[in-house]
Each structure stands twice: as C-alpha cells, then as structure tokens.
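Heads up, the thing below is written out as structure tokens.
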Amino acid sequence: MSAVSGLGEAARRRVLVVLCGTEITSWGVLFYAFPVLAPAISADTGWSVAVLTAAFSACQIVAALTGVLVGRWLDRSGPRPVMTAGSVLAVPALIGVAAAPNLACYFGAWLVVGIAASGTLYPPAFAALTRWWGSRRVAALTAVTLAGGLASTVFAPLTALLNARLDWRTTVVVLAVIFGLITIPAHALGLRGEWPRVARAEQARQGDPGAVARSRAFIVLAAAMSLGAFALYAVVVNLVPLLLERGQSTGLAAVALGLGGVGQVCGRLGYGRLSRNTTARGRMAIVIAAGAATTGLLAVIPGPAALLIAAAVLAGSTRGMFTLLQATAISDRWGAAQFGRLNGMLSAPVQVAIALSPWGGAALAEVFGGYSVVFALLAALAALLSLSSMP
C-alpha cells in the first residue's frame, strides 16, 4: 500500500490547509504570546522575568520529552486523535496559567501546556504530512512551516493589543478561547481520513525502530542536530543584547530580530531545491555550515546597522532551512514507517537544546564578558559540526 494511500488529492490539500491554520494558532498562542506578556506578568506578580522564562523553558522541555510517547501514538492512530487531544488539553492548561495564584501553580500549569504542545506543534504535523504526502512531503512541509513562520506576525501584535486593553490574566484566557475555537474543531474534523499503512518494503527499509534508535547513525544524527540547534537558536534571543553591545538601539535590535523571521521564510522557500540536489548528509553539512558563516559574521561585524541587519536576515534563513532539515531527517534516511516514534526520539534532544539555548548563550556571555565571543564560539561549534557531517 502506498504511503499516501488513504486520502485523495482533495483530502490531502484539506489536511494541509488545516495544519497551516492550526500551526499558526498553536505557535502563536503557546509560544509567541509569552515573550509579549512576560513584562506584564512580572510587573503584576513580582516574579522575575528570569523565573517566568524558566517556567516557559520547562514547558518546552516537557513538550520535547512527551513527544516520544506522542510519536508512538501517532504511528498507531494517526494525527486526528493526537492533535485533537492536544488542543483540548491546552485550553484548561492555559486557563491554569492565567489563574495561577502562586509560582508553584504557575510552573505546574506551564508543564501541562508542554504536554499539550507536544500534540499540537510541528512534530505531529510533520508526521501527518510525511505519511499522507509521501514523496511530495517536502512541498507540504515547506508550506506548513511557512505558515508557522507567520505565527509571530499574527499573534505578537494581537497579544499586545489585547494586553493594552485587558490585564495579562484575561488576555491569556481570551487567547485560550481563540485557540480552542480554532484548533479543536479543525483537528477533529479536518484531519479525518484513513491513516495509511506503510508498505512492507518501506518497513523493511527502516527496520526495527528500537534498533534504529540504538544505531550509531541515529545517535550521531541526534547529537549533531542537537548541537546544531543549540548553536543556531542561541543566536535568536541573544541577538538583541549583541546589537546593544555594538551600540545599536533597542528599536533597531528589535527590527533586526523581526527581519530574521523574514529570513526564515526565504530559507524555507529555498529548501526544496537544496533537497533535490543534495544527499541527506550533504544538505545537513551545508545548512550547518551556513549557520556557522552567518553566526561568524554577527560575531565580527562591528557595523554599520545595515550590515548587522543583513547578517541577522541571513542567520534567519539558515534557521528556516534547519527546521525543514529536522522535519525530513528521519524520512530521508529511514523512510516513513514508524516516523512518529523515531521523529519523537530525534526531536526530544533537539528541542531540549533549543529550550536551553537562550540561557546557555546568556551564561556564556557572563563567563566571557560579552556576546561577541559567544557568537564566535557558536560559529566555531557549527563549523566543526558541519565538517563532521560532510559525506
């Protein structure tokens, strides 16, 4: 049976449209709303932004670790029950964040949000598109990540607008309602359809998932992707203090960070051509090498502002390609059989590295007395990873 049997062309397009819409909403509410609300939460509660960020990072780590179990459920039952359950759970979890009377309850609510996020963010969407779109998966994955890239564009200003008129607790409740109204029916109704069995040849190509996960190839891939993710994503949050260190204004630093999102979109648009003309190992080496180069530029360029912004956009394009590199790493090497389980195992350390990268970059800056040295170290790490990944 074909990896894309079970859904006709119209149904596959319906799934793609649904996931584009729900990924914008999921990333917007579960991820991008927090940095907008953090100052207001801190001012109202007296809890430091650092402590609030620790709760948010713990949420991302829980999502990564829970993703292993979610991946197994996906392989067995398909994305509809998984993503619907994640959407249903997220609503009371967000309301718990809004209603938290103390820091312990606040942390606990964010941990539940992390469980919900494991069923609604990219990994389950990637599994759905990989199985249903088969050999055309790169185009579908590119479309959904392009949509996900718009999440901050839509929900950061929406969150700010709501918080300008409401207190932060009411804002979170409103966002939870928006999230539920959009994603619950979309996942429950829009992801219906036969979850295709994988052909025997595909299963034989992959082999036993447990054996694959214990293999040297998988372990090396997970280590390289995790270290690469740390090197690339530490740049995101630490870009603003780097530019401030270079004498740039906070406003310009925010513009550079925002234009990095435009770079992500451009990088994702170019990934299809890269995928067609390189091997799996070759494109991993190319993407991580590009990350080393762009991070190195940020480390050494003192100015002017236009050059720093251009380097930030290039760094964003590398992160955009890295998202699709992660989405296709398993299917490119082992096929679509048991994709959910193996992708969950790969995503766990990668997402933990991403969650720790903001803190790691800031901690290194304190040790070395500045962000320029940190960016140089991150560039060197990425360069070494690129060389080790070369075919």
Side-chain angles (χ1 to χ4, degrees), residues 26-67 89-118 120-121 151-152 155-156 158-160 162-164 166-176 179 229-230 233-245 250 253-254 257 348-371 374:
S26 296
W27 279 101
V29 174
L30 302 183
F31 192 88
Y32 289 108
F34 169 77
V36 176
L37 292 174
I41 299 173
S42 179
D44 178 58
T45 61
W47 306 330
S48 71
V49 173
V51 170
L52 297 176
T53 303
F56 183 67
S57 294
C59 164
Q60 308 308 309
I61 292 171
V62 167
L65 298 178
T66 308
L89 178 61
V91 174
L94 288 167
I95 293 174
V97 170
N102 54 55
L103 197 55
C105 292
Y106 181 83
F107 262 81
W110 270 114
L111 296 182
V112 180
V113 172
I115 297 172
S118 69
T120 56
L121 296 182
S152 61
F155 278 90
L158 174 61
T159 302
L162 289 171
N163 195 219
L166 308 168
D167 62 84
W168 74 267
R169 295 181 188 274
T170 307
T171 297
V172 173
V173 172
V174 172
L175 290 173
F179 178 92
F230 182 91
Y233 282 86
V235 172
V236 180
V237 173
N238 294 292
L239 177 64
V240 172
L242 173 76
L243 295 183
L244 295 178
E245 189 177 88
T250 301
L257 184 61
V350 173
Q351 294 305 121
V352 168
I354 292 172
L356 294 176
S357 62
W359 169 83
L364 287 171
E366 288 188 7
V367 171
F368 292 102
Y371 285 89
V374 173

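Residue numbers run from 1 in the order of the sequence given.
- Put simply, the side chain of Thr45 does not reach to within 4.5 Å of the side chain of Tyr106, judged on heavy atoms.
- For the residue pair Cys105 and Asn102, the shortest heavy atom distance occurs at N-OD1, 2.8 Å.
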Inset, instruction - Report the C-alpha separation of Leu30 and Phe179 in whole Å, then their side-chain angles, then the decisive distance to 0.1 Å, and conclude whether the side chain to side chain contact (heavy atoms under 4.5 Å, CB included) test is met. - result: CA-CA 9 Å; Leu30 302 183; Phe179 178 92; 4.1 Å; yes
Inset, instruction - Test Tyr371 against Leu243 for side chain to side chain contact (heavy atoms under 4.5 Å, CB included), laying out the working first. - result: CA-CA 9 Å; Tyr371 285 89; Leu243 295 183; over 6 Å; no
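- Between atom OG1 of residue Thr66 and atom CD1 of residue Ile61 there is a gap of 11.5 Å, rounded to the nearest 0.5 Å.
- Val112 places none of its side-chain heavy atoms less than 4.5 Å from the side chain of Val97.
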Inset, instruction - Determine, step by step, whether Val36 and Asn163 satisfy the side chain to side chain contact (heavy atoms under 4.5 Å, CB included) criterion, reporting the C-alpha distance in whole Å, the side-chain angles of both residues, the deciding distance to 0.1 Å, and the verdict. - result: CA-CA 9 Å; Val36 176; Asn163 195 219; 5.8 Å; no
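- Once rounded to the nearest 0.5 Å, the distance linking OG1 of Thr120 with CH2 of Trp27 reads 9.0 Å.
- Remark: Leu364 CG to Ser357 OG distance equals 11.0 Å, nearest 0.5 Å.
- Taking CG of Leu37 as the reference point, atom CH2 of Trp168 lies at 8.5 Å (rounded to 0.5 Å).
- At distances below 3.5 Å, not a single donor-acceptor pair connects side-chain atoms of Ser42 with backbone N or O atoms of Pro39.
- Aromatic ring orientation, Trp110 versus Phe34: perpendicular (interplanar angle above 60°, classes split at 30° and 60°).
- Smallest separation of non-hydrogen atoms from Arg169 and Ala100: NH1-O, 3.0 Å.
- Nearest heavy atom pair, residue Ser118 against residue Gly67, reads CB-N, 4.1 Å.
- Atom CH2 of Trp47 sits about 7.5 Å away from atom CG of Leu52, to the nearest 0.5 Å.
- When all heavy atoms are compared, the tightest approach of Ala63 to Ala117 is CB-CB, 4.1 Å.
- Summarising the geometry, atom CG belonging to Leu175 is positioned 4.5 Å from atom OG1 belonging to Thr159; distances are rounded to the nearest 0.5 Å.
- Nearest heavy-atom pair, Gly370 versus Glu245, reported as atom, atom and distance to 0.1 Å: CA-OE2, 3.2 Å.
- Partners of Leu158 by side chain to side chain contact (heavy atoms under 4.5 Å, CB included), not counting sequence neighbours, listed by chain and number: Phe155, Leu162, Ile178.
- Contacts of Thr170 classified as side chain to side chain donor-acceptor pair (under 3.5 Å), with partners at least two apart in sequence or in another chain: Asp167.
- In plain terms, the two heavy atoms of Leu94 and Val172 that are nearest each other are O-CG1, 3.4 Å.
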